[in-house]
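One structure below.
Letters go in sequence order (proteins before strands), and every chain restarts at 1.
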Protein chains: 2
Amino acid sequence: MQKTVPHAAGLHRASLRKLHDLDAALELMYYGWRGMTLSADQYLATLGLSRPHHRILYVVARQPGVSIGSLIEILGISKQALNRPLNLLLERKLLTSRRSPEQHRSKLLRLTEAGKRCEQRASDHERKVVSEAFDRVGPRGAAAWMAVMGAIADNN
Amino acid sequence: MQKTVPHAAGLHRASLRKLHDLDAALELMYYGWRGMTLSADQYLATLGLSRPHHRILYVVARQPGVSIGSLIEILGISKQALNRPLNLLLERKLLTSRRSPEQHRSKLLRLTEAGKRCEQRASDHERKVVSEAFDRVGPRGAAAWMAVMGAIADNN
DNA sequence: TTTTAAGGTCAACATAGTTGACTTGAAGAT
DNA sequence: ATCTTCAAGTCAACTATGTTGACCTTAAAA
């Protein structure tokens, strides 16, 4: 009767026939991104936040005092697209914005303590996943992974 | 006077201060996905197609005669979400659907010759990027990359 | 004082998805 | 033969994340 067992669609990796040598690599890139971000996204969702919010928090954590214009450039989105998630983070007091004394026309963004905690926890989820994977292959394997990803990332 | 040179936002990798050891890895995953899919997406855009269309073509190429229900499961999207891109591919005659003689109530999808060419070219763009990156690290590095990505991907 | 730069906001739109409700067509069961 | 079930198809309303274009405000610079 072949009652099709649901695959928990999208969660598990489909096992497709490989037409080419590198097909497995293409699929791993797809599922790798999901695997890395899944638990972080679940954590963020409990706070009513999502990927765009995390990206903002991540950048501001590493560039404290960044201006809104620079943030737009770094994230590669329009100011209108930045507007909503940024304002939510400000309302929630995960971020502060003040005008600098000298450059009074640009606003400088910083994380609050709550913002730091949130960013750290979200990124920790991602780092944990990567860390465990690196542990399986040792430092040389990890270095190879970084080298491959660097070469792929530079493909603009 | 510090005239800010535009960064060609989103295209180049931002060089952010690293707060943690693995921050570089997180960023590489983000930019890696973009780097791999960029040229394929550009090719697809010339045909008025995009990522969802490519995913459909990719799966059907590797599972010829797949039913719509199975495709939905594999892709992990709703049938309503599948509907538009699938119909476009059928209209464009990149895909065919016929009811099978015995299981006449499910439709079986196959690529046309044009569909095969399109899928192959799009995927070739991605394989080329990965292939060049693998060439830089040799077979052992490539194997390590696959192992790391497999471990990350299995993080459900 | 006028211009420019940075930021903010509004509207309209695109894309890629969701859920819910319903219809159609073919197969299987009684 | 009819009823039920299953696969597919469709319609509507909604969400999230982005885009352009237009316009306004505020503060600094010419």
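- Here B:N83 does not reach the OP1 or OP2 of D:dG9: none of its side-chain N or O atoms lies under 4.0 Å away.
- Between the CZ atom of B:R51 and the C1' atom of D:dG18 there is a distance of 17 Å, rounded to whole Å.
- Across the protein-nucleic acid pair, B:I72 atom CD1 and D:dT10 atom P stand 13 Å apart, rounded to whole Å.
- No donor-acceptor distance shorter than 3.5 angstrom exists from the side chain of B:S97 to the backbone of B:L109, with no hydrogens or angles considered.
- Look at CG on B:L90: it is 8 Å from P on D:dG9, rounded to the nearest Å.
- Side-chain atoms of B:K18 come within 3.5 Å of backbone N or O of B:L16 as a donor-acceptor pair.
- When each of A:K79 and A:P52 is assigned the nucleotide of DNA chain D bearing its nearest heavy atom, the one mapping closer to the 5' terminus is A:P52.
- Rounded to whole Å, atom C1' of D:dC6 lies 15 Å from atom NZ of B:K107.
- A:L49 places its CG atom 12 Å from the P atom of D:dA16, with the value rounded to the nearest Å.
- For the OP1/OP2 pair of C:dG17 and a distance below 4.0 Å, the side-chain nitrogens and oxygens of B:S78 include no atom meeting the criterion.
- Counting only heavy atoms from C-beta on, A:I77 has its side chain closest to D:dT19 among C:dG8, C:dA26, D:dT19.
- Near DNA chain D, meaning a heavy atom under 4.0 Å from it, residues 54-61 of chain B has no residue at all.
- Under a 4.0 Å N-O distance rule, the pair A:E126/A:R55 does not qualify as a salt bridge.
- Regarding B:R105, its CZ atom lies at a distance of 7 Å from the C1' atom of C:dA26, rounded to whole Å.
- The distance from atom CZ of A:R98 to atom C1' of D:dT26 is 18 Å, rounded to the nearest whole Å.
- Within the 4.0 Å cut-off from OP1 or OP2 of D:dA16, not a single side-chain nitrogen or oxygen of A:S50 is found.
- Comparing B:P85 and A:R99 against DNA chain C, the residue whose closest nucleotide sits nearer the 5' end is A:R99.
- The B:I68 side chain lies nearest to D:dA8 when the options are C:dA26, D:dA8, C:dG8.
- Between B:E119 and B:K116 no salt bridge is recorded (no basic side-chain N to carboxylate O distance below 4.0 Å).
- Atom CG of A:L89 is separated from atom C1' of D:dT17 by 15 Å (rounded to the nearest Å).
- Close to C:dA6, at under 4.0 Å from its OP1 or OP2, lies no side-chain N or O of A:S106.
- For B:R62 and B:Y58, the positive end sits near the middle of the six-membered ring, less than 6.0 Å away and at most 45° from its axis.
- One cannot find a donor-acceptor pair under 3.5 Å joining the base of C:dG7 and the side-chain atoms of A:Q80.
- A cation-pi geometry, defined here as NZ or CZ lying under 6.0 Å from the six-membered ring centre and within 45° of its normal, holds between B:R34 and B:Y30.
- Remark: the backbone N or O of A:L47 is paired with a side-chain donor or acceptor of A:R92 at under 3.5 angstrom.
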